[in-house]
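Here's the structure we're looking at; comments come further down.
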Amino acid sequence: MAKKAWDIAQPYLKKAITQASKFTIDGPGSGGRIVQVRYKKGGAVLFRLDFYPIKSGGPFTLHYHLEKNTEHLVIWTSNIY
């Protein structure tokens, strides 16, 4: 599970590091955020990795979001409610 999450997140983090003048990397935050890459100009999210229930009262789910995509892209769902 961790390897799969890293494989998904790595290209976005590398892009943010190599183009540091264009992107900001945010660490853990509210809503179960693990890491987020966003544009400095405007603040729009390019990539976000979360571990939080997708639906209120649901199981904790490792998932990610991509720019201009409102879907929760699931990596793994726990049995913790």
Side-chain angles (χ1 to χ4, degrees):
M1 162 190 57
K3 176 161 178 12
K4 186 173 181 181
W6 174 243
D7 289 344
I8 292 167
Q10 186 177 17
Y12 297 100
L13 293 169
K14 281 185 176 181
K15 183 175 185 172
I17 291 167
T18 59
Q19 298 177 35
S21 63
K22 294 172 110 178
F23 298 99
T24 298
I25 299 173
D26 301 317
S30 63
R33 183 179 74 212
I34 296 170
V35 68
Q36 165 176 280
V37 175
R38 58 186 172 85
Y39 292 94
K40 283 186 177 179
K41 185 177 182 179
V45 173
L46 174 67
F47 172 82
R48 186 173 73 237
L49 180 65
D50 296 330
F51 183 65
Y52 202 72
I54 292 174
K55 293 184 179 180
S56 181
F60 278 76
T61 303
L62 182 62
H63 64 279
Y64 63 102
H65 305 264
L66 297 176
E67 179 180 26
K68 299 178 184 174
N69 185 343
T70 57
E71 289 182 58
H72 295 82
L73 303 164
V74 174
I75 298 170
W76 177 79
T77 301
S78 74
N79 58 359
I80 301 169
Y81 286 86

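Counting from 1, the numbers follow the sequence of the chain as shown.
Cluster annotation: Y52 is connected to I80 through the hydrophobic network of ILVMFWY side chains, with a link wherever side-chain heavy atoms come within less than 4.5 Å. Following chains of ILVMFWY side-chain contacts shorter than 4.5 Å, one cannot reach W76 starting from V74, and the two form parts of different hydrophobic clusters.
Between L46 and K15 there is a side-chain heavy-atom pair separated by less than 4.5 Å. By the 4.5 Å heavy-atom criterion applied to side chains, L66 and Y12 are counted as neighbours. For the pair F51/I75, no side-chain contact is recorded, criterion being any heavy-atom separation below 4.5 Å from C-beta on.
Taking both residues in full, the closest heavy atoms of P59 and S78 are given as CB-O, 3.4 Å, listed atom of the first, atom of the second, then distance.
Legend: residues meeting salt bridge (charged side-chain N to carboxylate O under 4.0 Å, His left out) with K3, ordered by chain and number and at least two apart, are D7.
Among pairs with a residue in residues 50-71, those fulfilling salt bridge (Lys or Arg N to Asp or Glu O under 4.0 Å) read R48-D50, at least two apart in sequence or across chains.
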Margin query: Quick one, I54 with H63, criterion side chain to side chain contact (heavy atoms under 4.5 Å, CB included). Give me CA distance, side-chain angles, the key distance, then yes/no.
Written below: CA-CA 8 Å; I54 292 174; H63 64 279; 4.0 Å; yes
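Atom CZ of F60 has more than 12 heavy atoms from other residues, nucleotides or ligands within 6.0 Å.
Distance CG/L62 to CG/L73: 11.5 Å, rounded to 0.5 Å.
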List the atom pairs, with distances to 0.1 Å, where a side-chain N or O of residues 22-34 and a protein N or O form a donor-acceptor pair under 3.5 Å, not counting sequence neighbours.
{"unit_1": "D26", "atom_1": "OD1", "unit_2": "R38", "atom_2": "NH2", "d": "3.4"}
{"unit_1": "D26", "atom_1": "OD2", "unit_2": "Q36", "atom_2": "NE2", "d": "2.9"}
{"unit_1": "D26", "atom_1": "OD2", "unit_2": "R38", "atom_2": "NE", "d": "2.5"}
{"unit_1": "R33", "atom_1": "NE", "unit_2": "G27", "atom_2": "O", "d": "2.8"}
{"unit_1": "R33", "atom_1": "NH2", "unit_2": "G27", "atom_2": "O", "d": "3.0"}

